[in-house]
Amino acid sequence: MTIDPRLQSHLPSPVLQGKTLWIGGAWRAAAAGETIETFDPSTGKVLAELARGRKADAEAAASAAREGAARWTALSGAERGHVLRRIAEAVRARAESFGLLDTVDSGRPISTTGGPSVAHAAALFDYYAGLADKIHGATVPMGPDATALVEREPCGVIAAISPWNYPLENAVTKIAPILACGNAMILKPAEQTSLSALLLAQIAHDAGLPAGVLNVVTGLGAEAGAALVEHPLVDKVSFTGSTATGRRIAALAGEHLKGVVLELGGKSPLIVFGDADLKGAAEAAVFSTFMNNGQTCTSCNRVLVAAEARESFARHCREAAAKLRVGDPLDPATQIGPLVSARQLQRVEQYMDGLADERLDIPGYLPLEGGYFRKPAIVTTFDHESRFAREEIFGPVMAIRSFGDDDEAYRLANDTEYGLAASVWTTSLAQAEQARRRLQVGIVWINCVHALSPGTPVSGHKASGLGIEYGLEAVEQYMRVKTTVTMHGGWRSPFA
Ligand code: ADP
């Protein structure tokens, strides 16, 4: 079994032997004994082997989750909250391990994985821990003779399918609200970046999460993922990933009449009005476009700038981008690592095909040999109807286009199938207010970008999703409603 020695002290020992299915509180190999490899994107070398889960494994996980749901709902909300708080602490205590695992598995720099991403993941557990005992129902007035009681109960078993771009945070964004409501779940992490989810499963167990409440099935989307979506013991599906895969999952879930929560792609605008702080806006555009190599669903890399400010803004962008440090993600000074996979690098190159090569002069671009690195690019000349201009690229590429007046700015911003996020730069209060009203997106950032907390809901509009992540609102989708009407004065049949 191939195993990168750097992983040794960070993962449970069965995981190092390829037993990466966490089912009913125990590690096991795939029923068919098959494995897949996971790679270090900064060198292209194999890191470890993962169990290749299929239908039989999804079946085992769904049965275990059913039993886990019974154990979990037997606890009070306060007790569940207490367990989630202990998991938050355990995540913080293993920050170094989570940082290392996500960095070698996904290529995200260690400066972003160990500290900020662990803090964010732990904060999500704390936030939803606090909600676990505050989920309650309502009564509906029905006159003097009847009482209507509306309760919210957990859905049951949820399958959560997560992507590779922010492995730990994206998993926890699902896990924390799903468990806070009293559901059990099966997580199918992305095949490229499953390692941190495996550590998380073990520490959640050690922190007191009952067996079967959180199960993890590794494997491929079309196999393990699809098998979970279809499984009759799975009540609901929560997915984060590309819009194309989201459509497939929604179609399959629809056949089985299962609800879905979908957090999908984006082509988010960053609008710079003529009155804006151009240097600040440029720094925001560079951060939003290039952080995690543009592999961020809310990346605002479709930059729209007032025509009169275009030249000066583009210069500020080039200056800010020239300072980027791209290279070994394990170097604490690195800001950008490789793309996640050879396939993702190839996808990005396809979008760039035929475009004038506007790759920047970046002295700090120091790729490692064999890694999936790509030099950040700022593109100012392109066909506005091309795939480059209209589709989500998920790579380190900024597109700058100018607009004449406000109406054109908002028309261009909304002229996309997506509706996830927007960042707006202006010093005018009236313009900020207009932006909030006119932009067809789930989150608007005014004079900032990527400012989020566990309490701020994000709900993709249009093809960016179906459902909500973060906030009080996220729990609603993992509960179902039950109404009980009691008549006090005796019921009389209308037929009588
Ligand atoms: P990418 O195409 O870059 O791999 P996806 O959005 O397809 O990104 O993947 C996000 C997650 O969805 C991953 O965990 C992946 O395994 C899973 N997935 C992919 N295809 C399917 C599918 N047909 N059914 C269920 N899950 C899937």
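If you're wondering where the values come from, they're calculated on a predicted model, not measured in any experiment. As the structure lists them, so they are numbered: ligands from 1, and atoms in each ligand from 1.
Taking any N or O of T240, backbone or side chain, none lies under 3.5 Å from an N or O belonging to ligand 1. Remark: ligand 1 and I161 share no N or O pair separated by less than 3.5 Å (distance only, no angle test).
Nearest heavy-atom pair, E392 versus G266, reported as atom, atom and distance to 0.1 Å: OE2-N, 3.0 Å. Taking every heavy atom of both residues into account, T240 and P163 meet most closely at O-CD, 3.3 Å.
The backbone N or O of C448 sits less than 3.5 Å from a side-chain atom of S423, completing a donor-acceptor pair. Here the side chain of T103 pairs a donor or acceptor atom with the backbone of G99 at under 3.5 angstrom. With hydrogens and angles ignored, the 3.5 Å screen pairs a side-chain donor or acceptor of S459 with a backbone N or O of G467. With hydrogens and angles disregarded, a donor-acceptor distance shorter than 3.5 Å links the side chain of K267 to the backbone of E391.
Counting only heavy atoms of the protein, atom 8 (O) of ligand 1 lies nearest to W164 NE1, 3.9 Å. The single protein non-hydrogen atom nearest to atom 6 (O) of ligand 1 is S242 N, 2.7 Å, given as residue, atom name and distance. With hydrogens left out, the protein atom closest to atom 26 (N) of ligand 1 is G221 O, 3.4 Å, a heavy atom. The protein heavy-atom contact nearest to atom 14 (O) of ligand 1 is S162 O, 2.8 Å.
Residue contact check: K188 has heavy atoms under 4.0 Å from atoms 14 (O), 15 (C), 16 (O) of ligand 1. Which parts of ligand 1 touch G241 is read off a 4.0 Å heavy-atom cut-off, strictly below it: atoms 6 (O). Counting atoms of ligand 1 from 1 in the listed order, those under 4.0 Å from a heavy atom of R343 are 2 (O), 4 (O). Shown in contact with Q192 at under 4.0 Å from a heavy atom are these atoms of ligand 1, numbered in order with element: 4 (O).
Here R92 pairs with D126 in a salt bridge; the nearest charged N to carboxylate O distance falls below 4.0 Å. Salt-bridge check for R247 with E417: passed, with a basic side-chain N closer than 4.0 Å to an acidic carboxylate O.
By the 4.0 Å heavy-atom criterion, F239 is counted among the residues contacting ligand 1.
Of the candidates T245, T193, L220, it is T245 that places a heavy atom closest to atom 5 (P) of ligand 1. Of the listed options E191, R347, E223, R347 places a heavy atom closest to atom 2 (O) of ligand 1.
Contact annotation: for I249 versus ligand 1, heavy atoms closer than 4.0 Å belong to the side chain alone.
Considering R108, R6, K45 as possible partners of D40, the one that fulfils the salt bridge (Lys or Arg N to Asp or Glu O under 4.0 Å) test is R6.
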